[in-house]
J.: 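One structure coming up, written as structure tokens, with questions to follow.
Chain letters run A, B, ... following the sequence lines, proteins first and then strands; every chain starts at 1. The structure presented is a predicted model; accordingly, all values stated were derived computationally and were not measured.
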Amino acid sequence: MNDNRSGENNLKRGLNFIEAIVEEDLKEGKNGNRVHTRFPPEPNGYLHIGHAKAICLDFGIAERYGGKCNLRFDDTNPIKEETEYIESIREDIHWLGYDWEKREYYASDYFGQLYNFAVDLIRKGLAYVDDQSSDLIAEQKGTPTVPGIESPYRSRPAEENLSLFEKMNSGAFPEGSRVLRAKIDMASPNMHMRDPIIYRIIKHPHHRTGNRWHVYPMYDFAHGQCDYFEGITHSLCTLEFEVHRPLYNWFIDQLQTDDYRPRQIEFNRLNLNYTVLSKRKLLELVKEGKVNGWDDPRMPTLCGLRRRGYTPESIRNFVASIGYTKVEAINDVSLLEFAIREDLNKRAPRVMAVLNPLKVILTNYPEGKTEELETINNPEDESMGVRTIPFSKEIYIERDDFMEDPPKKYFRLAPGREVRLKSAYIIKCVDYKTDEQGNILEVYCTYDETTRSGGPDADRKVKGTLHWVSVLHALEAEIRLYDRLYSDPDPSGHRGKDPKTFLNPDSLKIITGYVEPGLKNSKPLDHFQFQRVGYFNLDPDSTPGRLIFNRTVPLRDTWSRGQASGT
RNA sequence: UGCCCCGUGGUGUAAUUGGCAACACGUCUGACUCUGGAUCAGAAAAGUUCAGGUUCGAGCCCUGACGGGGCAACCA
């Protein structure tokens with residue numbers, strides 16, 4: 001793994017700041033030289049490329065330093081969490097190439113320990129039951145610039161707290177009627193320290209513990225302690241949890257029995273331009289039918305990217321290339337596209353496919369004749385071998401590859417011009433037919449038999465080489481062309497404007513194209529390079545009689561780029 | 001206007017204990033090519049937010065400004 005160029009570059013550059021910290025800790029012999037991380041998703045949605053960044057770090061650090069990485073589902077809120085998501089999360093992590101072995105845990109595994117810990121805090125006078133409404137509690141919390149005020153229930157005797165908390169859990173009180181709060185400091189400059197709520201009453205059944213509990217720990221009360229229970233040495237999370245760290249430490253202070261405590265390190269979240277990475281907003285797209293499900297190839301979800309044709313290696317390389325820092329960065333999607341092109345260039349077989357067909361008739365080619373021409377599968381990898389493709393009198397070429405009146409640097413077919421048909425013959429345009437509107441209907445060419453690939457005049461130089469497909473043999477296929485989902489570089493960055501305002505109406509275009517017959521036997525998710533066009537893969541919607549391809553990413557195209565900029 | 005974090009080419013990242021600002025993407029040339037792909041060669045592009053200070057020497061240390069982000073869910 002990582003034996004490609006960007007992988008090497010990555011090794012060449014220094015450690016990221018987290019690796020540096022880990023190495024420092026190792027050097028100091030902390031935690032008995034253990035390195036133990038965890039990836040802690042909430043099972044309330046599908047994983048997206050932002051999670052991939054965290055996964056690669058969590059598992060990557062463990063791998064690199066001979067440690068372990070747990071998978072832990074942070075399932076502290078039964079209202080939002082579902083088993084459906086757990087399955088998809090497991091699948092996506094495995095697909096990326098990581099394995100947690102038997103170490104699959106759940107925050108709910110620790111509900112008992114957490115409950116006992118809460119009871120402990122109550123006994124020590126460090127937690128109390130508050131009977132006030134959430135509005136009132138919020139009001140008393142103050143603001144970042146104004147200190148909060150203490151709850152009238154703050155000094156409730158431990159015995160009373162104990163019995164109330166017990167009743168909260170036995171279901172004696174309605175949801176929202178009471179909470180358990182840590183007693184810390186209502187005047188703290190850190191809002192999270194102002195007597196945070198640590199338990200609330202929820203009567204919705206939990207996907208794993210059913211109706212056993214009626215109180216559930218808040219994330220802030222569960223997360224750090226779960227890390228502690230699991231012996232995590234390095235708790236890696238995103239920047240927004242920085243201000244939570246003092247609170248987590250406060251809890252661990254009460255729990256700690258020796259030197260060990262998890263060390264939390266925060267890194268920058270992944271942002272991509274033209275992309276939205278918020279589970280809530282992605283869920284909206286799915287629910288409102290703006291896309292066709294979580295695995296719609298336009299989605300930044302891992303299942304969406306997979307269906308689009310992205311490989312796990314490409315995603316890992318991409319993640320490695322953008323690095324980990326404490327700066328809020330916005331990455332350009334071109335980096336992601338580079339990663340998938342780089343990977344697919346090495347592994348995708350080249351095939352012939354014409355997306356926008358124009359019929360070419362070879363006037364001097366024998367009627368009814370068919371040839372099987374040999375062609376190489378991948379010039380980047382000889383071990384991928386050769387195959388044959390059928391050739392006959394009528395072929396399709398790309399409409400763009402013919403012009404009646406071409407500009408100067410146009411290398412392709414035009415009246416009187418010669419081009420090579422890839423792996424076949426050099427042909428010359430002798431005539432063409434248009435309709436009344438001037439649309440090109442057919443092009444007539446002669447072929448030169450001696451120029452067949454491998455033949456005596458095969459080396460004759462011509463400017464252009466075209467891909468083609470035999471009309472007689474080609475398979476019709478549905479081609480799904482994807483463009484960015486949003487037309488604005490920062491769809492979530494406009495205050496008061498729903499990102500959906502910026503949805504690109506042309507993000508999906510479905511066309512019918514023609515592909516070489518050998519593609520009949522391809523399997524879902526098989527990757528191909530449609531020569532001169534782009535990378536495509538077979539969509540799982542395909543049926544034996546109907547091939548459906550997704551465009552993963554177009555090929556780099558310096559010609560059309562030059563055209564667009566007018567040079 | 002409280003607390004916390006952060007400012008290095010267009011973008012993302014590097015720069016041993018202070019020592020000529022490096023790499024990748026992108027952009028632009030040119031070469032080569034039976035993919036206008038790939039590959040190869042090259043170029044433009046920051047003097048490190050600003051102002052002071054320490055030092056023989058500061059992107060790295062100190063101070064202060066300015067700018068960006070985060071924090072006030074019975075969400076995670």
J.: Taking atom C1' in both B:U33 and B:U27, compute the distance separating them and give it to the nearest angstrom.
T.: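 It comes out at 23 Å once rounded to the nearest Å.
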J.: Applying a 4.0 Å non-hydrogen cut-off, can you work out what A:K409 is touching in the nucleic acid: base, sugar-phosphate, or nothing?
T.: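 Since a base atom lies under 4.0 Å of A:K409, the category is base.
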J.: Quick one: label A:T325 by what it contacts on the DNA or RNA (base, sugar-phosphate, nothing), any heavy atom closer than 4.0 Å.
T.: sugar-phosphate
J.: Students often get this wrong, so: under 4.0 angstrom with heavy atoms, is A:N77 touching a base, only sugar-phosphate, or nothing?
T.: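 Contact class for A:N77: sugar-phosphate only.
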J.: Exactly one of A:K326, A:R269, A:R245 should register a salt bridge (charged side-chain N to carboxylate O under 4.0 Å, His left out) with A:E240. Which one does?
T.: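 When A:K326, A:R269, A:R245 are each tested with A:E240, the salt bridge (charged side-chain N to carboxylate O under 4.0 Å, His left out) holds only for A:R269.
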J.: Under 4.0 Å, heavy atoms only, any strand: does A:K326 hit a base, just the sugar-phosphate, or nothing?
T.: sugar-phosphate
J.: Does a side-chain N or O from A:R561 land closer than 4.0 Å to OP1 or OP2 of B:C28, or not?
T.: yes
J.: Less than 3.5 Å between a donor and an acceptor, one on the side chain of A:E380 and one on the base of B:G37, is that the case here?
T.: yes
J.: Hey, does the side chain of A:K461 come within less than 4.0 Å of B:C34's phosphate (OP1/OP2), counting only N and O?
T.: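 It does, given that an N or O in the side chain of A:K461 lies less than 4.0 Å from OP1 or OP2 of B:C34.
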J.: If I pick the P atom on B:G19 and the same atom on B:G59, what distance separates them, to the nearest angstrom?
T.: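 That atom pair is separated by 9 Å.
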J.: For B:A73, which nucleotide is its Watson-Crick or G-U wobble mate, given both distances must be under 3.5 Å?
T.: none
J.: Under 4.0 Å between any heavy atoms, over every strand shown, what does A:G454 touch: base, sugar-phosphate, or nothing? Just pick one.
T.: base
J.: Answer with base, sugar-phosphate or nothing: what part of the nucleic acid does A:H192 contact at a heavy-atom distance below 4.0 Å?
T.: sugar-phosphate
J.: When you measure from the side-chain N and O atoms of A:R200 to the phosphate of B:C75, is any distance below 4.0 Å, counting only OP1 and OP2?
T.: yes
J.: Roughly how far apart, to the nearest Å, are B:A65 and B:A46 at atom C1'?
T.: 23 Å
J.: Under a 3.5 Å cut-off for both contacts, is B:A22 paired Watson-Crick or G-U wobble with anything, and if yes, with which nucleotide?
T.: B:U13
J.: Quick check: on RNA chain B, is the nucleotide nearest A:T143 upstream (toward 5') of the one nearest A:D220, or the reverse? Name the residue that is more 5'.
T.: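 Checking each residue's closest nucleotide, the 5'-ward one belongs to A:T143.
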J.: Can B:G47 be described as syn, meaning its chi torsion is within 90° of 0, or is it anti?
T.: syn
J.: According to the 5.5 Å centroid and 30° plane-angle thresholds, does A:F338 stack upon the nucleobase of B:A24?
T.: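 Stacking between A:F338 and B:A24: absent.
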J.: Mind running salt bridge (Lys or Arg N to Asp or Glu O under 4.0 Å) on A:D400 and A:R532 for me, showing each step along the way?
T.: CA-CA 12 Å; A:D400 284 354; A:R532 300 211 305 136; over 6 Å; no
J.: Does A:R556 put a side-chain nitrogen or oxygen below 4.0 Å from OP1 or OP2 of B:G36?
T.: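 Checking B:G36 against A:R556, no side-chain N or O comes under 4.0 Å of OP1 or OP2.
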J.: Distance check needed: B:C74 C1' versus A:D135 CG, whole Å only.
T.: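 After rounding, the gap between these two atoms is 11 Å.
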J.: Classify the nucleic acid contact of A:N268 as base, sugar-phosphate or nothing, counting any heavy atom under 4.0 Å across all strands shown.
T.: sugar-phosphate
J.: Taking the same atom, P, in B:C75 and in B:G67, what whole-Å distance lies between them?
T.: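 B:C75 and B:G67 have their P atoms separated by 36 Å.
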J.: Answer whether the closest heavy-atom distance between the side chains of A:D92 and A:H51 falls below 4.5 Å.
T.: no
J.: Quick one: which of B:C34, B:A73, B:G37 gets closest to the side chain of A:N345?
T.: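 So the nucleotide nearest the side chain must be B:G37.
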J.: Using a heavy-atom cut-off of 4.0 Å across all strands, would you classify A:E175 as base, sugar-phosphate, or nothing?
T.: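 No contact at all - A:E175 keeps every heavy atom at 4.0 Å or more from the nucleic acid.
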J.: Could you walk me through whether A:D195 and A:Y128 pass the side-chain hydrogen bond (donor to acceptor under 3.5 Å, both in side chains) check?
T.: CA-CA 9 Å; A:D195 287 13; A:Y128 61 97; 2.7 Å; yes
J.: How is A:Y199 classified with respect to the nucleic acid when contacts are heavy atoms under 4.0 Å: base, sugar-phosphate, or nothing?
T.: nothing
J.: Of the nucleotides B:U1, B:G36, B:A76, which one has an atom closest to the side chain of A:Y410?
T.: B:G36
J.: Can you tell me how far C1' of B:U33 sits from CG of A:D459, to the nearest Å?
T.: 13 Å
J.: Distance between the C1' atoms of B:U63 and B:U54, in whole angstroms?
T.: 11 Å
J.: Taking the six-membered ring of A:Y106 as reference, does the cationic atom of A:R208 (NZ for Lys, CZ for Arg) lie under 6.0 Å from its centre and within 45° of its axis?
T.: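 Yes, A:R208 sits over the ring of A:Y106.
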J.: Rounded to whole angstrom, note down the P distance from B:A44 over to B:A24.
T.: 15 Å
J.: In a check of ring-ring contact (aromatic ring centres under 6.0 Å, His included) between A:F549 and each of A:F536, A:F530, A:Y535, which one passes?
T.: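 It is A:F530, the one option of A:F536, A:F530, A:Y535 that forms the ring-ring contact (aromatic ring centres under 6.0 Å, His included) with A:F549.
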J.: Would you mind classifying the nucleic acid contact of A:F267 as base, sugar-phosphate or nothing, using non-hydrogen atoms under 4.0 angstrom?
T.: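 Nothing, no nucleic acid heavy atom in range.
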J.: Write down the distance separating the P atoms in B:G9 and B:A51, rounded off to the nearest Å.
T.: 16 Å
J.: For A:Q531, answer base if it contacts any base atom (sugar-phosphate contacts may also be present), sugar-phosphate if it contacts only those atoms, and nothing otherwise; contact means non-hydrogen atoms under 4.0 Å.
T.: base
J.: Should the side chain of A:R412 and the base of B:G36 be counted as holding a donor-acceptor pair, with the cut-off at 3.5 Å?
T.: yes
J.: Counting any heavy atom closer than 4.0 Å, what does A:E139 reach on the DNA or RNA strands: base, sugar-phosphate only, or nothing?
T.: nothing
J.: When both hydrogen-bonding distances must be under 3.5 Å and the geometry is Watson-Crick or G-U wobble, what is B:G30 paired with, if anything?
T.: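 WC or wobble partner is B:C40.
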J.: For A:Y274, enumerate each residue passing the ring-ring contact (aromatic ring centres under 6.0 Å, His included) test, keeping only those at least two apart in sequence or located in another chain.
T.: none
J.: What is the nucleic acid contact for A:P147, judged by heavy atoms within less than 4.0 Å: base, sugar-phosphate only, or nothing?
T.: nothing
J.: Which whole number of Å gives the distance between the P atom of B:G37 and that of B:G30?
T.: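 About 13 Å, rounded to a whole number of Å.
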J.: How about A:F391 and A:R452: do any of their side-chain heavy atoms sit closer than 4.5 Å?
T.: no
J.: Is the NZ or CZ atom of A:K167 both under 6.0 Å from the centre of the six-membered ring of A:F173 and within 45° of that ring's axis?
T.: no
J.: Mapping A:T76 and A:L421 to their closest nucleotides on RNA chain B, which lands nearer the 5' end?
T.: A:L421
J.: In terms of side-chain heavy atoms of A:V327, which of B:C6, B:C34, B:G37 is nearest?
T.: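 Nearest to the side-chain atoms of A:V327, counting from C-beta on, is B:C6.
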J.: Among the candidates B:C74, B:U35, B:C4, find the nucleotide nearest to the side-chain atoms of A:I137.
T.: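 Of the options given, the side chain of A:I137 lies nearest B:C74.
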J.: Is B:G7 paired to anything, Watson-Crick or G-U wobble with both distances less than 3.5 Å, and if yes, which nucleotide?
T.: B:C66
J.: When we call it a touch if two heavy atoms are under 4.0 Å apart, what does A:T558 touch: a base, just sugar-phosphate, or nothing?
T.: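 The answer is sugar-phosphate, as A:T558 gets under 4.0 Å only of primed atoms, P, OP1 or OP2.
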